[in-house]
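Below: one structure, written as structure tokens.
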Amino acid sequence: MLDAQQKDQISQLMDITNRSKVLIISILMYFNWDQEKSMDFILNAGEFLSEDLIPESRRQAAEILLRQEEQEQRKLNQSQNNNQGNFQKQKSEISQSQINNFYNIQTTNDGIDKPDWIQTKNKRISQIKEYMQQLENQEWENMQIIKERLQFIQNSQNKQQNDQIQVRMHKCLIGMNNNEVTGYFNCIYQLFFQNPELVESILSLSNIFNKEDQNSQYLNELQFLFGSFILSNNSFVKDSNIYQIANRLNKMIIGDDQINFAQQYETHIDIITKCFQEISKQNQVSIFEQTFQSFINQKKSGQKSLSLKLEQEDRSLHLSLLKQIENLSSLKQQQTCKTYWTFEINRSGSKNQELKNNQNNLDYWFTKKIDLEILFSTVRADKILQIFEQNLNDENIKEIKKLQQIINSLHIVISLLEIKDLIQKETLQNLKIEKETLEKQLLTYYPFNMNIISKDDSQSSKYSYCLQATVIQIQQDNIQLFYIYIYNFYEELWYRIFDKEITVVNEDIVINDTRKNGYLLIYIHQSQISRLKGYQQTISEITRKITINQGDISQELIQRYPILNGLSTNHIEMIQNSNREIIKILNEQLNNEFNY
């Protein structure tokens, strides 16, 4: 039953926002009747917030309260209490705790844990998976990616890489000198640099350098690395010793075997956490625990992991997650959703030995935005399953396979004819047009048109996540390489980072490469994007000013931006000297060209 204060809150918000009572009550309940947070949410959401986007469980809970209020009002207005009134009263009596339990993201009454629902769900998934596994890979989309991959492999085998100084080209990112041949280390620390809380904590540390203490040495080098990422006008960090120091602290010995990136990622997170503990920086110890979603590994005696392992044979992120519902029961008790969710795509677990040896990866489909409410609500899970079932049937699969086979054949023919130059250009162009026409037809089907699922996602504020980065793994013969795609929300651009090489890439390249070779998907909570965007904007502003000042790091610049206030003066001086050296070399090169 609504009390007097709650009634006032509803009335005030209705007057201010001009929204329906059901929507107002739903949002107030979501924010535990915090009027200020509710009003901010409604005003910030603007036209994107509508009553039809309210999850079914929340709307029903709000309607129950509303009916109770209406019935109470009628009871007060009636002079007589007839049998109908008594019936209505009995029907409406429900405790506040029952409403709260019903509203609590359907963790108990929704049926997500009921064996009969889970059994039915798994049968439906099994049928959907059979259809998904019939789909061929879209090989025709990977030609540019394959060419660039071969170049990466060639560069990694070149022991005398070009370390020539180059001026920073991108305001938000620079690379790292090739410390090890696979590139995994650079990917890990580029990911760390995209965590504003971690970067600010590291840069704020003071008096941490101690030659006798490896933990202090590590944090000192990490501060220098992050400082260089921001202040250096070189295109890559050249003089960092963090790789060597981190390896001394790394208890996972890296030999000739294949590198497990997910394990190394967690290992380096553990290194940072333990270093914080050793120097008694307890406030920073919980950074990863508070921001990274962890998962219980059922196969390792309940051991926690920061990445949820999924199988590429599922062919779809949504399908993999639906399979995991019963294994994620511990998450249902959490009151808040963590900032980052990390998904590891198991590309090596195939039963097909040929697939293992040659990395003949299966296309794994995913969306840029995902509503993780499917893990906690049978209503949401059933809707996604229904979309699969409506779009994957014998007739559609037959047409998809027909189109794929023709497109793949045309792709091979066109590639050969371009190399051999056997036919007229007009004929070749007609073949390309035919191929493009067929590709458009294919985009009307799922999973080639992922908007079929995205449009149905409610994108509720609590469960809405957006793709932030993907890690790519290449395996060819005895070579294993890693590189990373990172999205800059401020610039609205995708960047690819492979050691020292940083390139702005089209989103189609990111999606296609990740679908084929993606190893790790990192999603960020929708509510945290503005925080990350502001951080990325600050980095861009700082590097732009340094570029304008020809690499000079002024005291005014340090004082103006709080993120730099705690940076060691020794590190600033080292970076400043490196910047001056770069400007000096560039000036000499310009003078030589003019004199020549």
Side-chain angles (χ1 to χ4, degrees), residues 141-194 225-226 228-229 232 234-240 242-243 246 254 258-262 264-265 268 342 344-345 347 359 361 467-488 491 493-522 536 539 543:
E141 292 184 341
N142 295 320
M143 286 308 298
Q144 181 180 347
I145 297 169
I146 292 171
K147 290 178 182 177
E148 292 171 345
R149 183 197 305 174
L150 293 174
Q151 186 63 49
F152 290 156
I153 293 172
Q154 183 179 345
N155 292 345
S156 70
Q157 293 175 323
N158 182 8
K159 301 301 181 181
Q160 297 179 339
Q161 290 196 36
N162 183 12
D163 287 337
Q164 182 179 358
I165 290 175
Q166 297 178 355
V167 174
R168 182 178 191 143
M169 298 294 294
H170 307 287
K171 294 189 289 292
C172 59
L173 294 165
I174 61 174
M176 290 177 66
N177 199 23
N178 189 14
N179 292 296
E180 43 77 36
V181 294
T182 71
Y184 85 90
F185 191 86
N186 186 19
C187 291
I188 289 174
Y189 283 83
Q190 294 289 352
L191 278 175
F192 286 164
F193 188 61
Q194 296 305 309
L225 178 69
F226 287 163
S228 298
F229 279 165
S232 176
N234 196 352
S235 62
F236 63 93
V237 180
K238 183 179 180 181
D239 300 320
S240 173
I242 193 167
Y243 175 71
I254 301 175
Q258 294 291 294
I259 291 172
N260 186 314
F261 182 91
Q264 284 297 325
Y265 184 48
H268 284 264
T342 303
E344 177 189 355
I345 305 171
R347 298 287 192 179
Q359 196 188 354
N361 291 342
L467 187 67
Q468 182 193 9
T470 72
V471 176
I472 307 297
Q473 175 180 273
I474 297 174
Q475 288 183 263
Q476 184 169 316
D477 299 327
N478 295 322
I479 297 172
Q480 186 184 28
L481 296 178
F482 296 92
Y483 57 91
I484 189 170
Y485 292 104
I486 291 176
Y487 187 68
N488 186 290
E491 297 180 344
L493 293 173
W494 279 100
Y495 287 87
R496 181 179 59 210
I497 308 173
F498 177 73
D499 287 328
K500 296 179 294 183
E501 302 175 29
I502 298 182
T503 312
V504 176
V505 294
N506 186 285
E507 186 171 84
D508 288 341
I509 293 291
V510 180
I511 299 300
N512 293 341
D513 197 4
T514 304
R515 186 174 62 237
K516 177 70 174 176
N517 304 301
Y519 173 77
L520 217 64
L521 307 175
I522 298 95
Q536 292 171 335
I539 302 302
T543 55

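Rounded to the nearest 0.5 Å, atoms CG (Asn488) and CD1 (Ile539) are 10.0 Å apart. Of the inter-residue distances, the one linking Lys500 atom NZ with Asn234 atom CG reads 9.5 Å to the nearest 0.5 angstrom. Taking OG1 of Thr470 as the start and CZ of Arg496 as the end, the distance is 11.0 Å to the nearest 0.5 Å. From Asn361, atom CG reaches atom CD1 of Ile345 across 9.0 Å, with rounding to the nearest 0.5 Å. Taking CE from Met176 and CZ from Phe498, the interatomic distance works out to 13.5 Å, rounded to the nearest 0.5 Å. Once rounded to the nearest 0.5 Å, the distance linking CD1 of Ile242 with OH of Tyr189 reads 4.5 Å.
Within the 4.5 Å cutoff, the side chain of Asn186 has heavy atoms near those of the Gln190 side chain. With contacts defined as side-chain heavy-atom distances shorter than 4.5 Å, the pair Ile188/Phe261 qualifies. The closest side-chain heavy-atom distance from Phe192 to Leu225 is not below 4.5 Å. Within the 4.5 Å cutoff, no side-chain heavy atoms of Trp494 are placed close to those of Ile486. The side-chain heavy atoms of Ile474 and Tyr483, taken from C-beta on, include a pair separated by under 4.5 Å. Between Tyr487 and Leu467, the closest side-chain pair of non-hydrogen atoms is not below 4.5 Å. Arg347 is not listed as a side-chain neighbour of Gln475, based on a closest heavy-atom distance of 4.5 Å or more. The side-chain heavy atoms of Gln473 and Tyr184, taken from C-beta on, include no pair separated by under 4.5 Å.
Closest approach of Gln480 and Ile259 over heavy atoms only: OE1-N, 2.8 Å. The shortest non-hydrogen separation linking Phe185 to Ala246 is CE1-CB, 4.0 Å. In terms of heavy atoms, Ile174 sits closest to Ser228 at CD1-O, 3.4 Å. Across Ile502 and Gly175, no two heavy atoms sit closer than the pair CD1-N, 3.3 Å. The two residues Phe229 and Arg168 have their closest heavy-atom pair at O-NH2, 2.6 Å. Listed here is the closest heavy atom pair of Asp499 and Gly183: OD1-CA, 3.8 Å.
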Let's go through Thr503 and Met169 carefully: what are the C-alpha distance in whole Å and the side-chain angles of both, what is the deciding distance for side-chain contact (heavy atoms from CB on, under 4.5 Å) to 0.1 Å, and is it a yes or a no? CA-CA 9 Å; Thr503 312; Met169 298 294 294; over 6 Å; no
Determine whether Asn517 and Asp513 satisfy the following criterion, side-chain hydrogen bond (donor to acceptor under 3.5 Å, both in side chains), listing intermediate values before the conclusion. CA-CA 6 Å; Asn517 304 301; Asp513 197 4; 2.8 Å; yes
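Test Ile484, Val510, Leu173, Val505 against Tyr495 for side-chain contact (heavy atoms from CB on, under 4.5 Å) and you get one pass: Leu173.
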